[in-house]
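Inspection log for the structure reproduced underneath, given as C-alpha cells.
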Number of protein chains: 2
Amino acid sequence: MHGTPPSIIPDVLQRCDHCAVRHQAVCGAMDDVQVKKLAQIAHRKKVPAGQTIISDEEPVDFFANVISGAIKLTKTLPDGRQQIVGLLFAPDFLGRAYSKHNPYTAEAATDVEICTFPNAAFERLVGEYPGLQQRLFQHTLDELDAARDWMLLLGRKTAEEKVASFLHMLARRSLLTGCVHKASPGSAAFELPLTRSDMADYLGLTIETVSRQLTRLKTSNVVRLSTNRLIMVPDLDRLAQAAGQDNHRH
Amino acid sequence: MHGTPPSIIPDVLQRCDHCAVRHQAVCGAMDDVQVKKLAQIAHRKKVPAGQTIISDEEPVDFFANVISGAIKLTKTLPDGRQQIVGLLFAPDFLGRAYSKHNPYTAEAATDVEICTFPNAAFERLVGEYPGLQQRLFQHTLDELDAARDWMLLLGRKTAEEKVASFLHMLARRSLLTGCVHKASPGSAAFELPLTRSDMADYLGLTIETVSRQLTRLKTSNVVRLSTNRLIMVPDLDRLAQAAGQDNHRH
DNA sequence: CGACATGTTGAACCTCATCAACCGACGTGG
DNA sequence: CCACGTCGGTTGATGAGGTTCAACATGTCG
C-alpha cells in the first residue's frame, strides 16, 4: 500500500550456487551453464513488510523468485473490501507470463527477499530453454489448484473450519520445509506469516471472528499458542478434522 | 454423479473445418495440416445434462474441447457440501496437462457436446507444436484469473452482489458469443445455463437465497425474467453496479 | 391425471459482522 | 522517565444477512 518503490540491492557477485532455493525454484529446471546466464540478469532485493511489490494499476517489468518471507496477492473492491487470492512462499514464483498486466496487487506480508529478473531478458531465456516454460506452466497449474481449493473453503466452510484449514495448510508446509523439530510424528510447530487482519482477508472473515475461532481452537486443545504468532499443533489429524478436510488425501 | 460412462459417438468423418470452434479453441493455434492430424485422433461426444464426465476419483485418459453447452467443475466436502470451482463454455478446454489426476469432478450442467482427444496422442501433438502448449498455458492463466476473481466474490461479496456478478458475467459472455440481438447497446439477453441449485453451488449460497436475490433484482428492474431461465438485462451498467464491480474495466 | 423435479415464498433461527471497550507492546517526544 | 499515541490483538453486546425448515406453486413427463 506504500507508494515508495522497493529499494533495489543489486548483488551481482551473488552466486546462485549458494541460493537457498537454487534447486526448487524455476531455476531448478536449468543446468549450471544456464543458471550462470540467469545469474547475470538476476538481482536480489529486500522488501520490508507491508510494501507493495506489484500493483494492479501499473505494468510489471520483472519476474521474481521468492527467497524468503511471504507475499500476499490481493484483490480489492471499489469500496475497499479486500480478499487475498494467493500466498507466495519460499521457492514460489511471482509474475505473469504473456502479459505486463497483473490483475492483482502483490504486497510483502512479512519482510521478504526476492530474486528479480527483468522481463525481456527472462522471456528470452524462456524461449531458449523449453524446460523453463514447462516449469512455469506447472507452477501455474499448482496455483490454479490452490485457488480452487480456496474457493471451496470460501464458499462452503464455516469460520472455524476456515481458520483450521489455514493452520493446517501452514502446518503441512512447515513439515516439508526442512528444519523440523518433529518432536512427535503427527505434530507440527510454525510461525504465522500473517497478521489477524491478513488472515481475515485470506479467509473471507473479519479479524474479530478469526481471533474468536483461534481461541476456540486453543481452548479445545487443537492448537497451542505460545505467542500471538507461534503455533503448536499436537495432532495434525484433529486439526484436519476441525478443518472439515478429506484427510485420506495430502 | 451418475456412475454410467458417457456414450461415445465417434465421428471420424466429421471435418474440423466445419467445427463451430475451429478457430477459437486450442486448435486455433494450428494450421490446416496440423488440424488434419488432430482430426484423426478426435472424437465427438454428446453428454446429457447431469452426467459426470470426469471424476476426481478416477484417472483421466483424454482431453476435450467444449463445442456447446456448459460443464461445471465441482469440489465436494466429505459431508456433501459442494462448490462449483469453474464453468466451461464453448471454446474452452477440459483436461489437465502433466497429470492423469484431476482434483475435481467435471459434470455436464446442460446437454453438452465435446470433442475428445486421447491423452497420449494429444500429448504427442503438444510436443510437436509448441504453439499448442503455449495456448494451453494461456488458457490455464485465464482460468487462474477467473478463479481468483471468484475468490473475491466468494469471500467478500453480499448475496445480491454475487447473483448480480454471475448474471453480469453471463451477459458479457452473451455479447461476445456472436448471435446477439443487440436491440439497444448496453443491454443483453441470454439463457441461464445453470439451475438454481447449481447457481447456489457456484456462488456459495443456498437455492432459497439465490431465488430471493433474483426476485429482488427483478423487482428493482435490474433484470427481467421471461421464463425461469431467460434473462433480459436492460442496462448492463446498472447490473455491474449491483455486482459491486469495477466497471471501468472489462 | 398423478408423480416428480424445479423454483418461490414465509417464518424462525443462527452464524458471523458490526460497534465498542479494553489490553499489552512499542516508539516517540516532552 | 513517564505520558501519549499507535498498532495488533482480544473480548463483549447487539443485530443483520443468510441458512434452515416448511409449505406451496409451477412445469414436465409417463
Side-chain angles (χ1 to χ4, degrees), chain A residues 1-2 48-50 72 77 79-83 109-111 153-167 191-219 223-231 242 244, chain B residues 1-2 48-51 77 79-83 109-111 153-167 191-219 223-231 242 244:
Chain A
M1 287 301 162
H2 299 190
K72 51 179 176 162
L77 252 16
D79 63 1
R81 281 174 288 174
Q82 201 172 54
Q83 176 70 42
T110 65
D111 287 347
L153 175 146
L154 291 171
R156 290 306 186 196
K157 288 193 178 178
T158 66
E160 182 172 10
E161 288 170 331
K162 285 179 175 181
V163 174
S165 297
F166 176 64
L167 297 180
E191 193 179 351
L192 283 176
L194 300 187
T195 65
R196 299 289 185 273
S197 172
D198 281 341
M199 289 178 61
D201 283 349
Y202 198 25
L203 300 172
L205 298 171
T206 59
I207 43 178
E208 294 94 330
T209 302
V210 169
S211 177
R212 279 187 248 273
Q213 297 306 331
L214 268 175
T215 59
R216 278 195 62 172
L217 290 172
K218 200 166 49 181
T219 51
V223 301
R224 250 166 272 160
L225 290 168
S226 32
T227 78
N228 279 337
R229 291 295 193 102
L230 281 177
I231 302 273
Chain B
M1 287 299 162
H2 298 189
Q51 192 161 90
L77 254 14
D79 64 1
R81 282 174 287 174
Q82 202 171 55
Q83 175 69 43
T110 64
D111 288 347
L153 175 146
L154 291 172
R156 291 306 186 196
K157 288 194 178 177
T158 66
E160 182 173 9
E161 288 170 331
K162 285 179 175 181
V163 174
S165 297
F166 176 64
L167 298 180
E191 192 178 354
L192 283 177
L194 299 187
T195 65
R196 298 290 185 271
S197 172
D198 281 342
M199 287 179 62
D201 283 349
Y202 198 27
L203 300 172
L205 298 171
T206 60
I207 43 178
E208 294 93 332
T209 302
V210 169
S211 177
R212 280 186 248 272
Q213 297 306 330
L214 269 174
T215 59
R216 277 196 61 173
L217 289 172
K218 200 168 47 182
T219 51
V223 302
R224 250 166 272 161
L225 289 168
S226 33
T227 79
N228 280 337
R229 290 295 193 104
L230 280 178
I231 302 275

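Order of the sequence lines sets the chain letters (A, B, ...), proteins ahead of strands, with each chain counted from 1.
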Seminar exercise, completed: Between A/R156 and A/L194, the residue closer to the 5' end of DNA chain D by nearest nucleotide is A/L194
Exercise. Between D/dG12, C/dC16, D/dT20, which nucleotide has the shortest distance from any of its atoms to the side chain of A/E208?
Worked result: D/dG12
Exercise. What pair of heavy atoms forms the shortest contact from B/P193 to B/T110, and how long is it?
Worked result: O-CG2, 3.2 Å
Seminar exercise, completed: Taking for B/R212 and for A/E160 the nucleotide of DNA chain C with the nearest heavy atom, the one nearer the 5' end belongs to B/R212
Exercise. Atom CE of B/M199 and atom P of C/dG7: how far apart are they, to the nearest Å?
Worked result: 9 Å
Exercise. When the distance from NZ of A/K162 to P of C/dT15 is rounded to whole Å, what number comes out?
Worked result: 14 Å
For this session: Calculate the interatomic distance between B/D201 atom CG and C/dG7 atom P; express it in whole Å.
Result: 12 Å
Problem set entry | Any B/T206 side-chain N or O less than 4.0 Å from OP1/OP2 of D/dT19 | yes
For this session: Using atom CD1 of A/I207 as one end and atom P of D/dC7 as the other, report the distance to the nearest whole Å.
Result: 13 Å
Problem set entry | From D/dG18, C/dT9, D/dT10, nucleotide with atom closest to A/R196 side chain | D/dT10
Exercise. For the side chain of A/T195 and the backbone of A/D198, is there at least one donor-acceptor N/O pair under 3.5 Å apart?
Worked result: yes
Exercise. OP1 or OP2 of D/dG8 less than 4.0 angstrom from a side-chain nitrogen or oxygen of A/S197, does that happen here?
Worked result: no
Seminar exercise, completed: To the nearest angstrom, the CZ-P distance between B/R216 and C/dG7 comes to 21 Å
Problem set entry | Inter-residue atom distance A/L217.CG - A/T219.OG1, 0.5 Å rounding | 8.0 Å
Exercise. Has A/R216 got more than 12 heavy atoms of other residues, nucleotides or ligands less than 6.0 Å from its CZ?
Worked result: no
For this session: Please work out if A/T195 contacts a base, only the sugar-phosphate, or nothing of the nucleic acid, heavy-atom cut-off 4.0 Å.
Result: sugar-phosphate
Exercise. What's the shortest heavy-atom distance between B/D201 and B/Q82, and which atoms?
Worked result: OD2-OE1, 3.1 Å
Exercise. With sugar-phosphate meaning primed atoms plus P, OP1 and OP2, does B/T209 contact a base, only sugar-phosphate, or nothing at under 4.0 Å between heavy atoms?
Worked result: base
Problem set entry | Below 4.0 Å: OP1/OP2 of C/dT8 and any side-chain N or O of B/N228 | yes
Problem set entry | Nearest-nucleotide comparison on DNA chain D, the residue closer to the 5′ end among A/V210 and B/Q213 | A/V210
For this session: Could you state the atom-to-atom distance from NZ of A/K157 to P of C/dT15 in whole Å?
Result: 18 Å
Seminar exercise, completed: Here the distance between atom P of C/dA5 and atom CG of B/D198, to the nearest Å, is 15 Å
Exercise. Contact class for A/L205 (heavy atom, under 4.0 Å): base, sugar-phosphate, or nothing?
Worked result: sugar-phosphate
For this session: Round to the nearest Å and state the distance from B/R81 atom CZ to D/dT19 atom P.
Result: 13 Å
